[in-house]
Amino acid sequence: QHLTASGAVVIEQNTGKVLYGKQEHQRLYPASTTKVLTALIAAEYGNLDEIVVVGEEVLMIPLDSSSACLEVGERITLRDLVYGLLVNSGNDAGNTIAVHIARKDSGKNLSIEDALEYFADMMNKRAEEAGALDSNFVNPHGYHDPDHYTTAYDLAMIGREASRNSFVREAASITVMQNGYWESGEPRFW
């Protein structure tokens, strides 16, 4: 069958051996598949039950971004932020996760901009550890940036790592959820 994707790869999960490849090392823009790496870092570096206070980083996403509709000042668990990231493809959740994890890992109260940059460095390091050979991540959500790229092979390596994490596997399998973290008390549907 004809494959229309610019790049593709099929790997063997346990070994990472490439079973099929089509331009699997061609640089491409990953868009929201970036969020798999963000979720993995959140699961590895954070306590999923800790409460995170949403900051002004949620206002720093482009207006046409997908969003989990987070509100500044809202208190939400890191676990639910990851759900908002993966279930609703929330770029705002990605920024909040990034700022929280960067400040926690650095031990410093970094500015939002510095925290996002710190988290991007964490992403690049973790991607390399996963076996990614030709990726560069500059944001936690994948909104287009010419300097934000990966390859089908690298995404497979990142996905292989993420699938080893039971929480990321579980979160990625959820298609619909409702929670009540709106500060107004209204339910939120993702």
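L85 and M60 are not part of a single hydrophobic cluster, where members link through side-chain heavy atoms under 4.5 Å apart. F167 and I174 fall within the same hydrophobic cluster, defined by Ile, Leu, Val, Met, Phe, Trp and Tyr side-chain heavy atoms under 4.5 Å apart, directly or through other members.
Here the side chain of N91 pairs no donor or acceptor atom with the backbone of I61 at under 3.5 angstrom. In this structure, the side chain of T15 engages the main chain of K17 through a donor-acceptor pair within 3.5 Å. For the pair S66 (side chain) and S89 (backbone), a donor-acceptor distance under 3.5 Å is present. Distance alone, capped at 3.5 Å, places no donor-acceptor pair between the R27 side chain and the T150 backbone. The backbone N or O of E161 lies less than 3.5 Å from no partner atom in the side chain of N165, so there is not a single donor-acceptor pair. At distances below 3.5 Å, not a single donor-acceptor pair connects side-chain atoms of T34 with backbone N or O atoms of P30. S135 places no side-chain N or O within donor-acceptor distance of the main-chain N or O of A132, the cut-off being under 3.5 Å.
By the 30° and 60° cut-offs, the orientation of the rings of H148 relative to F137 is perpendicular.
Remark: K108 engages no residue in a salt bridge (Lys or Arg N to Asp or Glu O under 4.0 Å) (not counting sequence neighbours).
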* To do: Before giving the answer on side chain to side chain donor-acceptor pair (under 3.5 Å), spell out for D64 and Y143 the whole-Å C-alpha distance, their side-chain angles and the decisive distance to 0.1 Å.
  => CA-CA 10 Å; D64 62 345; Y143 193 88; 2.6 Å; yes
* To do: Step by step, work out the side chain to side chain contact (heavy atoms under 4.5 Å, CB included) result for I158 and R126.
  => CA-CA 9 Å; I158 293 164; R126 186 64 182 94; over 6 Å; no
* To do: Please test S163 against Q13 for side chain to side chain donor-acceptor pair (under 3.5 Å), starting from the C-alpha separation and ending with a verdict.
  => CA-CA 9 Å; S163 70; Q13 174 64 24; 2.8 Å; yes
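No side-chain heavy atom of E74 sits under 4.5 Å from any side-chain heavy atom of V58.
A distance of 8.5 Å separates CD1 in I51 from CD1 in I76, rounded to the nearest 0.5 Å.
By the 4.0 Å N-to-carboxylate-O rule, E50 lies too far from R79 to be salt-bridged with it.
Cluster note: V18 groups with V9, I11, L133, Y153, M157 through ILVMFWY side-chain heavy atoms spaced under 4.5 Å, whether in direct contact or through intervening members.
When each of L28, D134, D154 is tested with Y149 by the rule side chain to side chain contact (heavy atoms under 4.5 Å, CB included), just one qualifies, namely D134.
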